2 protein chains.
Amino acid sequence: MNLPIVLTMGEPAGVGGEIAFKAWLLRREISAPFFLIDDPARLTALAARVGLDVPVVAIDAPEQAAAIFAKALPVLPLPLPGPSEPGRLNPVNAGAVVESIDRAVALVRARRAGAVVTNPIHKYALREAGFRYPGHTEYLAHLAGPEFTPVMMLAGRGLRVVPVTIHMALTAAIAALDTAGIVACGRATAMALTSDFGIEAPRLAVAALNPHGGEGGIMGREEIDIIAPAVVILRREGITALGPAPADTLFHEGARAGYDAVLCMYHDQALIPLKTVDFAGGVNVTLGLPFVRTSPDHGTALDIAGTGRADATSLIAALTLAAEMAARRASHPDGG
Amino acid sequence: MNLPIVLTMGEPAGVGGEIAFKAWLLRREISAPFFLIDDPARLTALAARVGLDVPVVAIDAPEQAAAIFAKALPVLPLPLPGPSEPGRLNPVNAGAVVESIDRAVALVRARRAGAVVTNPIHKYALREAGFRYPGHTEYLAHLAGPEFTPVMMLAGRGLRVVPVTIHMALTAAIAALDTAGIVACGRATAMALTSDFGIEAPRLAVAALNPHGGEGGIMGREEIDIIAPAVVILRREGITALGPAPADTLFHEGARAGYDAVLCMYHDQALIPLKTVDFAGGVNVTLGLPFVRTSPDHGTALDIAGTGRADATSLIAALTLAAEMAARRASHPDGG
């Protein structure tokens with residue numbers, strides 16, 4: 001029996017509740033049951049507001065989720081201290097948003113849930129609760145402990161990308177590139193492709209930074225000084241790594257058949273191709289943690305919260321992928 | 001009657017001849033006849049070598065091309081001084097490669113050809129002939145004269161991108177960004193979309209440089225200091241300009257419906273999405289010249305020259321687009 005997936009509340013003023021309802025309505029597409037850590041009263045009101053026929057049932061423990069899941073959306077109660085109106089951030093609820101993440105991680109580490117899927121948070125709203133992390137990834141790393149180095153992967157239709165630098169100005173990202181960082185990302189990615197994605201001999205492509213891959217140093221030296229040495233080290237460790245490869249020729253359908261994931265040097269180098277080929281269905285995956293974590297690859301969408309127009313494609317893909325990853329990790333010799 | 005399109009020789013050791021043959025064999029797809037400026041003897045030998053049934057007929061003047069085109073590939077003779085072997089650069093031929101471009105431009109400026117399509121050159125091979133330009137675009141600008149500022153556009157299936165900076169290391173490209181340059185590109189692009197692409201009220205999207213568009217200055221200030229002011233100026237001139245928009249959300253199918261072209265801040269920001277959605281069929285277009293010029297969006301492919309394996313998709317798209325642009329420019333009140 002697969003353990004249930006735990007889904008966090010996310011920002012209650014955002015679309016998290018609505019997309020959870022839509023995912024539950026399409027629950028036959030997901031290979032494991034899931035439950036929310038959220039406020040059952042607000043969810044019941046929200047379901048009525050957006051006109052979705054989703055019965056919400058409070059549970060006392062994750063172990064009850066599987067039996068209820070077929071008939072209702074199981075919710076481990078976490079009452080909100082203040083009112084929650086779609087589209088309107090209420091600072092008084094920030095602590096509960098963070099607690100939902102804390103409890104989800106505790107459950108997955110105690111093997112009472114198989115994976116964590118996080119609904120989008122609004123990081124500025126969480127500042128009220130003393131939350132000082134750039135996002136989920138960094139906070140989850142903090143909860144996991146200093147011995148783990150998280151790596152962000154975005155997975156879409158036929159394409160997995162790993163940005164080596166993430167939320168930094170482009171000039172700062174270029175300045176932050178270093179051989180050791182690329183190697184660490186490559187190593188974590190290769191391990192995860194085996195343990196979580198079932199790929200025994202993963203092939204990494206490593207993107208160049210400069211146009212045409214720098215043309216032998218004529219248009220930038222980062223390929224020669226930083227990226228190529230990382231490729232050499234990865235290969236020496238027995239990891240199949242191609243590159244540095246000119247980024248513009250790396251993402252078309254034919255090229256995608258030649259690797260299992262691409263190490264990208266900056267945020268948009270990874271996100272432009274991913275969102276171009278799969279805008280709605282991309283999933284954010286954190287590799288390198290002692291538990292499986294995925295999330296939809298979009299924000300809180302405050303502007304459409306409460307209207308019933310939120311697209312659950314990415315959450316459904318995140319739940320599906322989390323279930324697959326958890327099953328593989330559990331069955332893998334090094335995993336679980 | 002449409003004027004014929006003139007196609008340059010390009011690097012004779014590359015795939016230019018072969019893709020010209022393949023384009024001629026599919027000539028019914030192209031709305032204007034074309035002729036090469038090349039060496040008829042080398043072309044006849046090459047056709048036999050790659051096993052393509054393409055009769056080559058020397059012509060004395062462009063005006064003869066249309067009548068011959070249905071039965072044979074018309075070639076305005078430009079004999080090569082030295083032997084030409086596929087895959088092997090021969091420096092003695094560099095002068096003829098450049099002369100082919102010079103003569104093509106002279107013919108189109110004299111209205112004896114409707115547009116120039118250039119076959120790929122090998123810029124290092126041309127150094128022998130004193131050619132000191134980074135590529136065709138800059139050389140054509142030199143031939144056109146100082147009053148013209150060329151702008152490079154890449155056009156693929158449902159996507160047109162204009163890189164504001166081109167062949168520079170990424171750090172140098174960021175340092176080179178300035179409001180005036182973005183405005184000049186935007187203006188030239190909007191004018192060309194009207195005169196050459198038949199779009200009366202063109203809509204430009206302007207890409208941001210930093211992840212998430214800089215998030216209000218938290219991840220980089222180029223949006224605030226450089227790009228947004230350019231958008232304001234373009235709008236003040238009556239040009240519909242959207243942005244600066246986060247680059248990762250700008251290129252998926254739904255987003256592409258919202259604009260006619262994207263101004264991109266650096267080479268790969270333009271080329272990654274273009275080659276991801278249309279790897280084989282992209283066309284390089286030079287806007288802002290006193291004549292229509294397109295080219296296939298690939299290099300000389302010395303490694304496969306002479307094997308018969310070259311893909312003519314991009315050249316066929318370049319010839320097709322050149323014919324359409326020339327017809328539109330001729331019929332547009334400001335054009336021709």
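None of the values given here were measured: they were computed from a predicted structure. Just so it is clear: chains get the letters A, B, ... in the order the sequence lines come, proteins before strands, and each one is counted from 1.
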Colleague: Using a cut-off of under 4.5 Å on heavy-atom pairs, state which of A:Asp278, A:Val277, A:Leu250, A:Thr249 scores highest against chain B.
Modeller: A:Thr249
Colleague: So which part of B:Ile174 gets closer than 4.5 Å to some heavy atom of chain A, the side chain, the backbone, both or neither?
Modeller: side chain
Colleague: How close do A:Ile272 and B:Gln269 get, heavy atom to heavy atom, and via which atoms?
Modeller: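 Smallest interatomic distance, heavy atoms only, reads CD1-CG, 4.0 Å.
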Colleague: Is the B:Tyr266 ring parallel, tilted or perpendicular to the A:Tyr266 ring (thresholds 30°, 60°)?
Modeller: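 B:Tyr266 vs A:Tyr266 ring planes: perpendicular.
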Colleague: Measure distances from B:Arg256 to the heavy atoms of chain A and classify the residue's part below 4.5 Å as side chain, backbone, both or neither.
Modeller: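 Contact with chain A: side chain only.
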Colleague: Which one of B:Ala247, B:Gly220, B:Gly214 has the most heavy-atom pairs closer than 4.5 Å to chain A?
Modeller: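 Most heavy-atom pairs within the cutoff with chain A belong to B:Ala247.
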Colleague: Taking all non-hydrogen atoms of both residues into account, name the closest pair between A:Met168 and B:Pro211 and its distance.
Modeller: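 The pair with the smallest heavy-atom distance is O-CG, 3.0 Å.
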Colleague: Can you name the closest pair of heavy atoms from A:Glu222 and B:Thr171 and give their distance?
Modeller: OE2-CG2, 4.3 Å
Colleague: Mind checking whether A:His252 and B:Phe279 have parallel, tilted or perpendicular rings, split at 30° and 60°?
Modeller: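 Judged by the thresholds at 30° and 60°, the geometry between A:His252 and B:Phe279 is parallel.
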Colleague: Using a 4.5 angstrom heavy-atom cutoff, name the option from A:Ala175, A:Ala169, A:Pro246 with the most pairs to chain B.
Modeller: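 Sorted descending by pairs with chain B, the first entry is A:Ala169.
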Colleague: Using a 3.5 Å distance criterion without hydrogens, assess whether the side chain of B:Asn210 forms a donor-acceptor pair with backbone atoms of A:Leu170.
Modeller: yes
Colleague: A:Asp248 and side-chain contact (heavy atoms from CB on, under 4.5 Å): which partner among B:Thr276, B:Asp297, B:Leu274, B:Asp268?
Modeller: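 Only one of B:Thr276, B:Asp297, B:Leu274, B:Asp268 forms a side-chain contact (heavy atoms from CB on, under 4.5 Å) with A:Asp248, namely B:Asp268.
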Colleague: Can you tell me if CZ on A:Arg88 sees more than 12 non-hydrogen neighbours from other groups inside 6.0 Å?
Modeller: no
Colleague: Check the pair B:His212, A:His267 against side chain to side chain contact (heavy atoms under 4.5 Å, CB included), reporting the backbone distance first and the verdict last.
Modeller: CA-CA 9 Å; B:His212 307 179; A:His267 179 278; 3.3 Å; yes
Colleague: For residues B:His167 and A:Met219, report the shortest heavy-atom separation together with the two atoms involved.
Modeller: C-SD, 3.3 Å
Colleague: For B:Ile218, which atoms come within 4.5 Å of any heavy atom of chain A: side chain, backbone, both, or neither?
Modeller: side chain
